[in-house]
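Beneath this line is the structure, given in structure tokens, with notes to follow.
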Amino acid sequence: MYQQETINPYQDGDKAKQVEAMFDNIAPTYDTLNHRLSWDIDRGWRKKAIKQLKPFSPKVMLDIATGTGDFAILATEMLHPEELIGADISEGMMEIGRKKVKERGMEHVIRFEKEDCTNLSYPDNTFDAVTAAFGIRNFADLDKGLAEMCRVLKKGGHLSIVELTTPVTFPMRQLFHIYAHTVLPVYGRLISKDTSAYSYLTKTIEAFPQGERMVEILGKAGFEKATFKRLTFGICTMYFATK
């Protein structure tokens, strides 16, 4: 059974609390940094992940590790679900998400709830679709997190994930390594004022399983017909699976 090694920017204390504190700390600058560091390409990645669900018209959705709600908002605009819950461990991130949802008049569809993504409070077979954008690599236990996502998904429901990954081909692999270890942590530190957060980001990307290995892990978690597609030379990978 695969258990992801948790990468944390701090040395002591409960790991989940450490990650929660880190994301609470960078919440005010998180959206700006995400878009700038990816040259706004992250918006296109989210759209592609949501398009995977369009043929199935999900009515009740769960967005895991929702952060500030960008994916939840875009999914609501593109898929028009009746209900969408954004779940995250960081209240600081979700508070920003709540403001964005209110500005767009989407409170009747989207709500945010604090959840441990490896121990969800929702009943079995609750959601038509479960999504995750750039968040599952932060799970302390990837197997447990994916198994929980499968548990709360209805039979025949769909999972759509988009996650940052390490390119596998030359020269993108080498270029990404330089960017991730120089530009990303330095610029992230300057904007967010957090000395650890964006070094942490690089470590989680490099440690996270991807491609064929991730498909195997999805199968072990209970999903069927798992597939993946690399985007933008492998900087990002999209996964799709059925329960």
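Count residues from 1 along the sequence.
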Can you find a pair of side-chain heavy atoms, one from [X] and one from [Y], that are under 4.5 Å apart?
| X | Y | value |
| --- | --- | --- |
| F240 | H158 | yes |
| T237 | E163 | no |
| T227 | V215 | no |
| F71 | I50 | yes |
| R137 | L164 | yes |
| I235 | I41 | no |

Work out which heavy atom in [X] is nearest to a heavy atom in [Y]; give both atom names and the distance.
| X | Y | value |
| --- | --- | --- |
| C150 | K243 | O-NZ, 3.0 Å |
| L142 | I136 | CD1-O, 4.1 Å |
| T66 | G86 | CG2-C, 3.5 Å |
| A221 | L146 | CB-CB, 3.7 Å |
| A87 | C117 | O-SG, 4.4 Å |
| V168 | Q210 | CG1-NE2, 3.5 Å |

Kindly compute the distance separating [atom1] ([X]) from [atom2] ([Y]), expressed to the nearest 0.5 Å.
| X | Y | atom1 | atom2 | answer |
| --- | --- | --- | --- | --- |
| F139 | F208 | CZ | CZ | 8.5 Å |
| S160 | K54 | OG | NZ | 13.5 Å |
| I205 | T165 | CD1 | OG1 | 8.0 Å |
| R111 | L84 | CZ | CG | 9.5 Å |
| F112 | E107 | CZ | CD | 10.5 Å |
| M149 | F127 | CE | CZ | 11.0 Å |

Indicate the ring-plane relationship of Y239 and F228, choosing parallel, tilted or perpendicular according to the 30° and 60° boundaries. tilted
Please assess E95 against R98 for the test salt bridge (Lys or Arg N to Asp or Glu O under 4.0 Å), listing each intermediate value before the final yes or no. CA-CA 5 Å; E95 193 53 40; R98 290 184 186 104; 3.1 Å; yes
Could you walk me through whether F233 and L175 pass the side chain to side chain contact (heavy atoms under 4.5 Å, CB included) test, one step at a time? CA-CA 11 Å; F233 308 105; L175 291 171; over 6 Å; no
Less than 4.0 angstrom from a charged side-chain N to a carboxylate O is my criterion; do R213 and E216 meet it? yes
Partner of P81 under side-chain contact (heavy atoms from CB on, under 4.5 Å), picked from D128, T76, I110, is T76
For a side chain to side chain contact (heavy atoms under 4.5 Å, CB included) check, start with the C-alpha distance between I64 and V152, then their side-chain angles and the critical distance, and finish with the verdict. CA-CA 11 Å; I64 289 285; V152 301; over 6 Å; no
Just checking K154: does its NZ atom have more than 12 heavy atoms from other residues, nucleotides or ligands closer to it than 6.0 angstrom? yes
Any chance you could lay out the side chain to side chain contact (heavy atoms under 4.5 Å, CB included) test for I89 and N138, step after step, and finish with the verdict? CA-CA 11 Å; I89 197 171; N138 297 309; over 6 Å; no
Would you say E115's side chain and S121's backbone share a donor-acceptor pair under 3.5 angstrom? yes
Pair T118-E148, side-chain donor/acceptor within less than 3.5 Å: no
Go through the steps for K100 and M106 under the test side chain to side chain contact (heavy atoms under 4.5 Å, CB included), then give the verdict. CA-CA 9 Å; K100 286 156 65 172; M106 293 180 174; over 6 Å; no
